[in-house]
Amino acid sequence: MCIRDSRKVHVTVLRSSSVEEDKRRLGQIYDVMRRYRDAQSQDHFVLYLTQGTQRMMLDFPNDPMTCSQALQADLARIVGWDGLRVESA
């Protein structure tokens with residue numbers, strides 16, 4: 001069994017001019033995270049909703065998931081690679 005450090009996935013969502021569009025994208029991101037949910041994992045995620053210089057952070061410390069290349073690719077389809085950052089927690 002390979003033990004690795006836990007990771008935190010930071011996902012940045014740029015606000016659009018449509019609240020409905022923003023809700024839809026946030027829902028898509030959360031659905032992706034749920035698909036990779038793993039109660040045994042130490043990996044977690046944080047969402048940032050940004051507009052100009054304003055940034056709101058939504059932290060999900062009680063929703064562990066497994067960070068993988070597949071997860072990152074699924075998220076990049078929604079927010080682009082520039083919207084993702086993975087760090088050791």
Listed by chain and number, what are the side chain to side chain donor-acceptor pair (under 3.5 Å) partners of [X], not counting sequence neighbours?
X     : value
Arg55 : none
Ser41 : none
Asp59 : none

Exercise for the section: Using the test salt bridge (Lys or Arg N to Asp or Glu O under 4.0 Å), find all partners of Asp22 that sit at least two apart in sequence or belong to another chain. Expected result: Arg15
Pair up each side-chain donor or acceptor in residues 70-77 with any protein partner under 3.5 Å, not counting sequence neighbours, and list the distances.
from  : atom 1 : to    : atom 2 : distance (Å)
Gln72 : NE2    : Ser68 : O      : 3.4
Asp74 : OD1    : Arg77 : NH2    : 2.3
Asp74 : OD2    : Arg35 : NH2    : 3.4
Asp74 : OD2    : Tyr36 : OH     : 2.8

Practice task
Enumerate the residue pairs fulfilling ring pair (Phe, Tyr, Trp, His ring centres under 6.0 Å) with a member in residues 58-89, sequence neighbours excluded, ordered by first and then second residue.
Solution key: Tyr30-Phe60, Phe45-Phe60
Practice task
Step by step, work out the side chain to side chain contact (heavy atoms under 4.5 Å, CB included) result for Val11 and Met33.
Solution key: CA-CA 11 Å; Val11 182; Met33 294 301 192; 3.9 Å; yes
Exercise for the section: Taking side chain to side chain contact (heavy atoms under 4.5 Å, CB included) as the test, write out the residues that go with Gln28, two or more places apart. Expected result: Arg24, Arg25, Ile78
Practice task
Could you pull out all residues at least two apart from Gln54 that satisfy side chain to side chain contact (heavy atoms under 4.5 Å, CB included)?
Solution key: none
Exercise for the section: Enter the distance from Met56:CE to Leu49:CG here, rounded to the nearest 0.5 Å. Expected result: 5.5 Å
Problem - Rounded distance [0.5 Å steps], CG in Leu47 versus CG in Leu58 - result: 5.5 Å
Problem - Salt-bridge contact Asp43-Lys8 (side-chain N to carboxylate O under 4.0 Å) - result: no
Handout entry: Same apolar cluster (I L V M F W Y, side chains within < 4.5 Å links), Leu14/Val9
Key = no
Problem - Closest heavy-atom pair and its distance - Ala39, Pro64 - result: CA-CG, 4.0 Å
Completion exercise
Connected to Tyr48, directly or through other members, by ILVMFWY side-chain contacts below 4.5 Å are Val46, Met57
Report, one line per pair, each donor and acceptor closer than 3.5 Å where one atom sits in a side chain of residues 82-89; sequence neighbours left out.
from  : atom 1 : to    : atom 2 : distance (Å)
Arg85 : NH1    : Glu87 : OE1    : 3.1
Arg85 : NH2    : His10 : ND1    : 3.4
Glu87 : OE2    : His10 : NE2    : 3.0

